[in-house]
Amino acid sequence: MLLLISEFAAYFTGANLLMEYVISNAMVARSFTSYLATIYGVSDSNSWRIEAQCLSPGYNMLDLPAVALIAVLTMCISYSTKVSCRVNLVITTFHMALMGFVVAIGFAKGSISNLTHPDGFAPFGTKGVWNGAALVYFSYIGYDAVSTMAEEVHLPSKAMPRGIAGSLVFVTCLYCLMAASLVLLLPYTQINMMAPFATALCEKTGWKWASVVVRIGACIGIVSSLLVAMLGQARYFCVIARAHLLPSWFARIHPRTKTPLNASIVLGACTSIVALFTDMHILLDLIAIGTVFVFYMVANALIFKRHVRRGETSPWPTLGFLLSISCIAIGVTTYWQTGEGNATTLALGLTIGIFLSLVFKALFPMVSYPRKGMACPLYAYLGGLLYLPQHLPHGLDLNRGFCKVCHLVVFGCDFLPCLQLTLFP
């Protein structure tokens, strides 16, 4: 029975992880069409899409450029990993040079008064800052994809941590510099949401050529991001199949290209279908479900592994604890969503969860301990604290059906990593 539950949990977690990649890649591919349209001066990106009258709204704008981009990248990653990496290196080098140009122009031509004009430095207060950070969270999806290349790099035990940590720090700093340069060029109330940097450069400097170059750079950046994500999703699929949670056919490596050809083609086709039909706002609603649910399941698995040893300890107290604390989290966030909850509600739910965690830890001590240097970091606690409370008030609309109900449950359970990974170092 326990083995069956474990297999189902592993399968469900893997399915959510793959769903996250397919949906996020489809959204990035559709955004490519929007940016591509701006290069030719077309403000309405739907003019590059075909409307299908027979389909429901939200699924009736067929995006053929997005499908073509996914098809080209699928062929690229199927042909050779080394070639894909070289293409990505060239694209990234050009993109980095372009972002450096934008940052330099922003700080040279911008005005520091824009940071306080027209409504002060933080016009939406602390809550607005946290809400914005919760939305930016989407931009950090995909760094785990680098870990899927461990079998294809030299000395992965050293190269992978350095690559992931280094790129994360570098991109975070670059993200802050790009945001600062944009606000220095134009007050936030005048920023064009469709093409912010291109419009800001054109209006501030009068260089129309710079505006076109920035739009081209945005398209190239999307291609680079999508290429890396598609490399990662195929290898996730391959590993899941290798664990016999999917047919072994998906885990086959092509003898000539040395790539997971079957997994790459199947996931490329799935991503193309989603990108062809589904509007971006629907995809955005779905993305966070898979991401946060995977974090939630990892936290559960971690606590279970440390407190249960097969043949020595009973798994049911641990499962009961995990279920109880998850129910508390769901209850608190449901109450919050009704509009009656406030900071006191969150504090009360957090206090009850911490109390239950301490009681469980006292009654059922750990039977296995993490190796030195492998304890859970605090980032999951901070990430959950950032993402859940500030995203719920504006991120949910129960009138939009099952998708939003899933948001409620998954975001509610995201309290679990906060509690567990803090109390069980």
Side-chain angles (χ1 to χ4, degrees), residues 27-28 31-45 89-143 166-226 280 284 386-387 390-391 394:
M27 179 177 173
V28 171
S31 68
F32 173 81
T33 304
S34 301
Y35 276 98
L36 190 63
T38 62
I39 295 177
Y40 295 93
V42 179
S43 57
D44 183 14
S45 59
L89 179 61
V90 173
I91 293 175
T92 302
T93 301
F94 175 79
H95 197 217
M96 293 297 300
L98 183 62
M99 286 189 286
F101 169 75
V102 172
V103 170
I105 294 298
F107 281 86
K109 298 286 187 178
S111 173
I112 197 170
S113 63
N114 289 339
L115 297 176
T116 56
H117 178 79
D119 302 316
F121 181 72
F124 300 102
T126 304
K127 186 175 182 179
V129 173
W130 283 79
N131 283 341
L135 295 177
V136 171
Y137 171 86
F138 164 67
S139 301
Y140 288 88
I141 294 175
Y143 282 92
S167 61
L168 187 60
V169 172
F170 184 78
V171 170
T172 299
C173 295
L174 192 59
Y175 210 126
C176 295
L177 289 173
M178 290 288 286
S181 64
L182 178 61
V183 178
L184 287 172
L185 286 171
L186 285 178
Y188 78 95
T189 54
Q190 300 178 23
I191 294 174
N192 184 342
M193 299 300 294
M194 292 299 299
F197 288 99
T199 304
L201 280 175
C202 186
E203 292 185 10
K204 192 68 178 181
T205 64
W207 301 341
K208 292 185 178 180
W209 63 268
S211 176
V212 175
V213 170
V214 168
R215 290 188 174 102
I216 294 174
C219 290
I220 292 176
I222 289 173
V223 172
S224 175
S225 174
L226 190 57
M280 290 179 62
L284 185 61
L386 163 70
Y387 195 66
Q390 301 301 330
H391 191 79
H394 67 275

* To do: Check whether any side-chain heavy atom of Phe32 sits under 4.5 Å from a side-chain heavy atom of Leu226, and report yes or no.
  => no
* Which heavy-atom pair separates Ala200 from Leu182 by the least distance, and what is that distance? -> CB-CD1, 3.8 Å
* Asked: Under 6.0 Å from the CZ atom of Phe170, do we count more than 12 heavy atoms belonging to anything else shown?
  -> no
* Structure fact -> In short, Gly217 meets His95 closest at the heavy-atom pair O-CD2, 3.2 Å
* How long is the gap from CG on Leu201 to CD1 on Ile105, to the nearest 0.5 Å? -> 7.0 Å
* How many angstroms lie between atom OG of Ser181 and atom NZ of Lys109, to the nearest 0.5 angstrom? -> 14.5 Å
* Asked: Would you find a donor on one side and an acceptor on the other, under 3.5 Å apart, between the side chain of Ser224 and the backbone of Gly221?
  -> no
* Asked: Considering only heavy atoms from C-beta outward, does the side chain of Val183 approach that of Leu115 to under 4.5 Å?
  -> yes
* **Sidechain-backbone polar pair: Ser225 side chain, Ile222 backbone, donor-acceptor under 3.5 Å** => no
* Asked: Can you tell me how far OG1 of Thr92 sits from CE of Met96, rounded to the nearest 0.5 angstrom?
  -> 8.5 Å
* Asked: How many angstroms lie between atom CD of Gln190 and atom CG of Asn114, to the nearest 0.5 angstrom?
  -> 7.5 Å
* Minimum-distance pair of heavy atoms, taken over all atoms of Leu168 and Thr172 -> O-OG1, 2.7 Å
* Is Met99 close to Leu177 at the side-chain level, that is, under 4.5 Å between some pair of heavy atoms? -> no
* To do: Return the orientation label for the Trp209 and Phe101 ring planes: parallel under 30°, perpendicular over 60°, tilted otherwise.
  => tilted
* Structure fact -> So CG of Leu185 and CZ of Phe197: to nearest 0.5 Å the spacing works out to 8.5 Å
